[in-house]
Amino acid sequence: MALYRVKIFSLFERFWHWSQMLLIVVLLITGFGLHGFHGIFSFEQAVTLHTSAALALLVLWIFSVFWLFTTRTWRHFIPTVSGMWGVLRYYSFGIFKGERHPYRKAYWRKHNPLQALAYLMLKIVLFPAIWISGLAYLFYFAWRDLPRATEWLTGIAMVHTAAAFLILAFVFIHVYMLTTGHSFRDHLMPMISGFDEVDLSPEEEAYLRKDQPGDIR
Ligand code: HEM
């Protein structure tokens, strides 16, 4: 294995990541406005912005799920037990002693086991929780005559708000993690340029040089 600069985030992934970030910021700000935490927007403005950003994010999410499955990149998000202890140990002790991060990015494994677990939970627990509760809220007019509809709505609102707080916590931890180990810039650049240092096997290097020469430097 040897280190090369390899394209690990395609243009679509970078577009998806940054537009998702922008839409989530709009959703958090307008959502907290609707909740009464601030008065930057009128209630009507906040509802319109929140609903439009949510629908745009839903479309983006459908495209990204399609993309993950058609390109088989979903495999990056399957966490493994192997290597998890080393990463947990690093974040608990090693990081404070200036040790080197135990994980090296591989071509078919760009996330360390902890990252893969965190991103997977975001994608299969938090995002579905916020979508399902949000859509149930949006279409309340269609089911409001059902028995105990108002009680259900209260529960749905709680799930929606709890998921929003957990996504906000993810964003804080996510950005904080980018400041650990290497510099913030070093962590950030791959999501801008697409390229990062990756350990390649001789077969992977030969494959990239022949079939995707633009993806290896
Ligand atoms: C200021 C805000 C943000 C910054 C600076 C940022 C930065 C980054 C960077 C640099 C990476 C690549 C990490 C790596 O080397 O593997 C990354 C990956 C990722 N980020 Fe963010 N991010 C932000 C907000 C968000 C938000 C709001 C979400 C969703 C709630 C998010 C979800 C993800 C996911 C799922 C990945 C993995 C992408 C993949 O491998 O395909 N990020 N982010």
Side-chain angles (χ1 to χ4, degrees), residues 3-32 50 53-54 56-80 83-84 87 90-91 95 100-131 133-134 160-200 215:
L3 276 183
Y4 294 90
R5 285 196 67 74
V6 176
K7 189 189 270 181
I8 55 160
F9 295 115
S10 68
L11 190 61
F12 174 73
E13 277 175 302
R14 285 173 277 151
F15 164 76
W16 156 78
H17 179 270
W18 294 117
S19 31
Q20 169 173 266
M21 186 215 92
L22 273 177
L23 290 169
I24 286 183
V25 168
V26 171
L27 284 163
L28 286 170
I29 295 175
T30 51
F32 289 131
H50 196 77
L57 190 55
L58 196 57
V59 172
L60 189 67
W61 196 67
I62 292 168
F63 273 110
S64 71
V65 170
F66 178 75
W67 187 90
L68 278 173
F69 283 101
T70 49
T71 57
R72 303 186 71 204
T73 40
W74 58 269
R75 290 188 284 169
H76 290 286
F77 296 90
I78 305 302
T80 55
M84 180 68 95
V87 174
Y90 170 77
Y91 285 116
I95 194 169
R100 201 161 166 250
H101 198 294
Y103 190 73
R104 291 281 148 278
K105 276 191 166 79
Y107 189 57
W108 274 111
R109 205 127 262 290
K110 59 186 172 186
H111 305 310
N112 72 52
L114 193 61
Q115 252 181 326
L117 182 67
Y119 294 154
L120 184 72
M121 288 303 120
L122 182 73
K123 283 173 193 276
I124 67 167
V125 179
L126 290 186
F127 282 173
I130 207 142
W131 293 132
S133 55
H160 198 70
T161 314
F165 273 109
L166 291 172
I167 292 173
L168 182 63
F170 165 86
V171 177
F172 278 126
I173 297 169
H174 183 59
V175 177
Y176 163 71
M177 295 299 252
L178 299 175
T179 65
T180 66
H182 297 284
S183 69
F184 180 71
R185 189 178 176 281
D186 283 352
H187 282 301
L188 187 67
M189 280 319 283
M191 211 23 121
I192 295 171
S193 68
F195 282 83
D196 202 358
E197 303 255 296
V198 174
D199 248 344
L200 291 184
D215 290 359

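First listed ligand is number 1; within each ligand, the first listed atom is number 1.
- Using a 4.0 angstrom heavy-atom cutoff, Trp67 does not count as in contact with ligand 1.
- For ligand 1, the polar-atom distance check against Tyr119 finds no nitrogen or oxygen pair separated by under 3.5 Å.
- For ligand 1, the polar-atom distance check finds no N/O of Gln20 at less than 3.5 Å from any of the ligand's N/O atoms.
- Which parts of ligand 1 touch Phe77 is read off a 4.0 Å heavy-atom cut-off, strictly below it: atoms 39 (C), 40 (O), 41 (O).
- With a heavy-atom cut-off of 4.0 Å, Phe172 does not touch ligand 1 at all.
- Remark: distances from the non-hydrogen atoms of Lys110 to ligand 1 include one below 4.0 Å.
- With a 6.0 Å radius and a threshold of 12 heavy atoms from other residues, nucleotides or ligands, Trp108 has its CH2 atom above the threshold.
- Looking at His76, His111, His17 and measuring to atom 19 (C) of ligand 1, the nearest heavy atom belongs to His17.
- Taking 4.0 Å as the cut-off, Lys105 counts as a neighbour of ligand 1 on heavy-atom distance.
- Residue His174 has at least one nitrogen or oxygen atom sitting less than 3.5 Å from a nitrogen or oxygen atom of ligand 1, judged on distance alone.
- Each of the following atoms of ligand 1 lies closer than 4.0 Å to a heavy atom of Ile24: 29 (C), 30 (C).
- Nearest protein neighbour of atom 10 (C) of ligand 1, counting heavy atoms only, is His187 O, 3.1 Å.
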